[in-house]
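Naming convention: chains lettered A, B, ... in sequence-line order (proteins, then strands); numbering from 1 in each chain.
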There are 2 protein chains.
Amino acid sequence: MNKRPTIRDVAALAGVSVATVSRVLSGDYPVAGNTRTKVQRAVRELDYVVNAHARALSGATSNVVALVMYDVVTPFFAHIASGVEYQATESDRLCLVCTTHGDPDRELEIVKLMREQHADAVILVGGVLMNDDYRERMYRYAKGLEDAGSRLVLCGRPSLGPDFPAITVEYDNAGGAYAATSHLLSAGHRRIVLLGGPVGNTTFDARLDGYRRAMEAFRVPVDPALVVHDDMSQDAGFRQTQRLLAAGADFTAIFAANDLAAAGAMRALRAAGKRVPDDVSIIGYDDTPMAPELFPALTSVHLPHEELGRTAVKLALQRGENSTRQHVMLGTHIAMRDSVRPLI
Amino acid sequence: MNKRPTIRDVAALAGVSVATVSRVLSGDYPVAGNTRTKVQRAVRELDYVVNAHARALSGATSNVVALVMYDVVTPFFAHIASGVEYQATESDRLCLVCTTHGDPDRELEIVKLMREQHADAVILVGGVLMNDDYRERMYRYAKGLEDAGSRLVLCGRPSLGPDFPAITVEYDNAGGAYAATSHLLSAGHRRIVLLGGPVGNTTFDARLDGYRRAMEAFRVPVDPALVVHDDMSQDAGFRQTQRLLAAGADFTAIFAANDLAAAGAMRALRAAGKRVPDDVSIIGYDDTPMAPELFPALTSVHLPHEELGRTAVKLALQRGENSTRQHVMLGTHIAMRDSVRPLI
DNA sequence: CTGTTAGCGCATTCAA
DNA sequence: TTGAATGCGCTAACAG
């Protein structure tokens, strides 16, 4: 293991000064043609690579974008991560990925680490439990990051207001739920189960809200017995549907607030001898890769996952007036498949 | 945006020297109790965080582990990434994620970037096209990384030999295929389709090999007409199965070299009016989250994804004699579900 | 166009 | 136990 060469070694071998080496390396400075080639040859000869830390210390930026999410395997997060990674690469940035598994302490720790790293941006992804503590925490994050020259991006979660020093990139969560419910309603369904998530969670609150508004628009009263809250796992979908069935609940359609719960519901329906979509129509949310694989293929609300990630990075990297507090909302659409049947 | 405070500011506020501040921050050095508290108070007061680049420049290590893979959304990669991220966090490391989308140039670029970053380890994940060019490339990577104090880890791909300066963490790829095929064979199947991947790819070559060896062990001749090669997409599985069906191929079971192709095959079977497992049994590989969601739930070869990732990080971080060229092989097992039926 | 030099923020000798 | 001084490798003035 040889000691790795520094810019001085390159300068010595090329017979020029370190400044010149630095210049040909960064590229954006006039250097005589043959000086340049001399340096480049020396670089190749020594297999020299710059020290990113020294560079970051000397200049300012670290060329790193940090991504903070619940986990890395849930398709929702994985696809957003994909968009972030893609855009980061395109912008010559590296992508640091951290997971919290829902632990606020871990999140705090990560934000601190990102300040240490001087990340260009810190992107917090996904729904949260919205309350004062959360707001306050985000405010501290935003300030701390701002001091470090970073910026905070809220991705897939609501904005904290136009004066809040963070960038927000969200999707039309409630709108998607509205569209999904309307789709069912337009097909003649009136007794529609909502398989919802934890109360207080921004993601599932918004989906419930969309459901409510669509029902209202069609002048269909919401039957509280058909609105359930649980964690959004497969098992929860299964369990809740089974419970509804056992209780003899009267419904012809299910709107599951995510695909996983929809899959669980389909399993429960099948186990009970009900056929989808003949007996019960069902629509999911998130349009995860599993949706088209289910049988029947699941109609679901499609989210612009990758676009969310890409936009988050793009906005975070764009400098200039007020670039630190923007808000964009991306659209959703229904991916129609085979799990919804018109009534009559 | 205030300028962020440095260690000097802390020292000044606490009325001590920067050396002392450095000492209480790193923790592992005797400092008088009240001096320590004075410093800590100043740190809190100023909301000071160390500059990771300055620290890395001064000391040596950067506390970063790099993960290089095809993409970030394929469950195979996502789950390995999860293991890496988990273990990295546990070892107080940050996790840098890069994707290549199969581009060797991009890979080369990433390895260079990681040398610049002085990453503690660079973990290359997943199957590759094995040839001399590849071997040579890896050798250069390993050497370059070694000089930078990093180490190269090959994860989910074969070792390049005991003398090769890299750590290898793989799973028993051929063994899994052997087990899967044997499972079908034991159930009385003899005419078994292999939905295989690109020739030359280490992952799919090994799976083909396991299939061959199992057939041989059962003294069942391999019918070349039943062995197909394609990319391992859903569509490929669909297409190839459809083609086989149209050609009137004689088979009672399918071993798909991944779950995606298995899903495609099931779709083709269903479209042709064949029932799984009544008419055709099927078994997949990778045991992705989709497997239990399919109908019928897919029996599949389960891989220790997370363990692969964790082990890669663990070995890479462990210092000492010969710690730079280790080789571990993790086991696989069959996740039994509903897509295989005993014949008779 | 090229060289000299002064930091960037921190860890780490070496003294005290 | 603490402080002063040095250097990590590089970029960015500032001269020439």
Side-chain angles (χ1 to χ4, degrees), chain A residues 2-40 42-43 46-63 112-113 115-119 147-150, chain B residues 2-40 42-43 46-63 112-113 115-119 147-150:
Chain A
N2 330 318
K3 198 76 198 72
R4 86 194 307 249
T6 76
I7 196 172
R8 302 171 110 80
D9 301 317
V10 177
L13 181 58
V16 299
S17 74
V18 294
T20 302
V21 176
S22 176
R23 283 170 189 135
V24 346
L25 259 42
S26 44
D28 54 359
Y29 199 90
V31 176
N34 64 346
T35 311
R36 175 184 304 279
T37 39
K38 268 194 311 191
V39 171
Q40 284 166 338
V43 165
L46 264 33
D47 191 25
Y48 167 82
V49 296
V50 299
N51 182 323
H53 299 301
R55 173 174 278 177
L57 185 56
S58 194
T61 175
S62 73
N63 293 127
K112 183 183 166 210
L113 286 171
R115 291 214 281 154
E116 297 182 357
Q117 299 288 331
H118 287 223
D147 288 353
S150 279
Chain B
N2 328 319
K3 199 75 199 71
R4 86 195 306 250
T6 76
I7 197 173
R8 303 171 108 78
D9 301 317
V10 178
L13 181 58
V16 300
S17 73
V18 294
T20 303
V21 176
S22 175
R23 283 167 189 140
V24 348
L25 258 41
S26 40
D28 53 0
Y29 198 92
V31 175
N34 65 345
T35 310
R36 173 186 305 282
T37 39
K38 268 195 310 189
V39 171
Q40 285 166 337
V43 165
L46 263 32
D47 192 23
Y48 166 81
V49 295
V50 299
N51 181 324
H53 299 299
R55 172 174 280 177
L57 184 56
S58 198
T61 175
S62 74
N63 292 127
K112 183 182 164 209
L113 286 171
R115 290 214 280 155
E116 297 181 359
Q117 298 288 331
H118 287 222
D147 288 352
S150 280

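When atom types are taken as modelled, the side chain of A/S22 and the backbone of A/V18 share no donor-acceptor pair closer than 3.5 angstrom. In this structure a side-chain-to-backbone donor-acceptor pair under 3.5 Å is missing from A/S150 to A/H118.
When all heavy atoms are compared, the tightest approach of B/Y48 to B/L25 is CE2-CD2, 3.4 Å.
The shortest distance between side-chain heavy atoms of B/N51 and B/T6 does not fall below 4.5 Å. Counting heavy atoms from C-beta on, the side chains of A/V21 and A/V16 come closer than 4.5 Å.
Here the C1' atom of nucleotide C/dT2 and the OH atom of A/Y29 are 8 Å apart, to the nearest Å. A/R36 has its CZ atom 10 Å from the P atom of C/dC1, to the nearest Å. Across the protein-nucleic acid pair, A/H118 atom NE2 and D/dC10 atom P stand 19 Å apart, rounded to whole Å. Straight-line distance from the CG atom of B/L57 to the P atom of D/dC10: 9 Å, rounded to whole Å. When the C1' atom of D/dG9 is taken as reference, atom CG of A/L46 falls 14 Å away, rounded to whole Å.
Between A/H53 and B/H53, the two ring planes are tilted [angle within 30° to 60°].
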Distance-only donor-acceptor pairs under 3.5 Å for side chains of residues 31-39 of chain B, two or more places apart:
residue, atom, partner, partner atom, Å
B/T37, OG1, B/G33, O, 3.3
B/T37, OG1, B/N34, O, 2.9

Show your reasoning for whether salt bridge (Lys or Arg N to Asp or Glu O under 4.0 Å) applies to B/D9 and B/R4.
CA-CA 10 Å; B/D9 301 317; B/R4 86 195 306 250; over 6 Å; no
Check: protein-nucleotides 10-12 of chain C nitrogen or oxygen pairs below 3.5 Å:
residue, atom, partner, partner atom, Å
C/dC10, OP1, B/Y48, OH, 2.2
C/dC10, OP1, B/N51, N, 3.3
C/dC10, OP2, B/I7, N, 2.4
C/dC10, O2, B/S58, OG, 3.0
C/dA11, OP1, B/R55, NE, 2.7
C/dA11, OP1, B/R55, NH2, 3.0
C/dA11, OP2, B/S22, OG, 2.6
C/dA11, O4', B/S58, OG, 2.8

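Across the helix from C/dC1-D/dG16 to C/dA16-D/dT1, the helix axis at one end is tilted relative to the axis at the other end by 30° (nearest 10 degrees, each axis from five pairs).
Between C/dC1 and A/T35, no contact under 4.0 Å exists linking OP1 or OP2 to a side-chain N or O.
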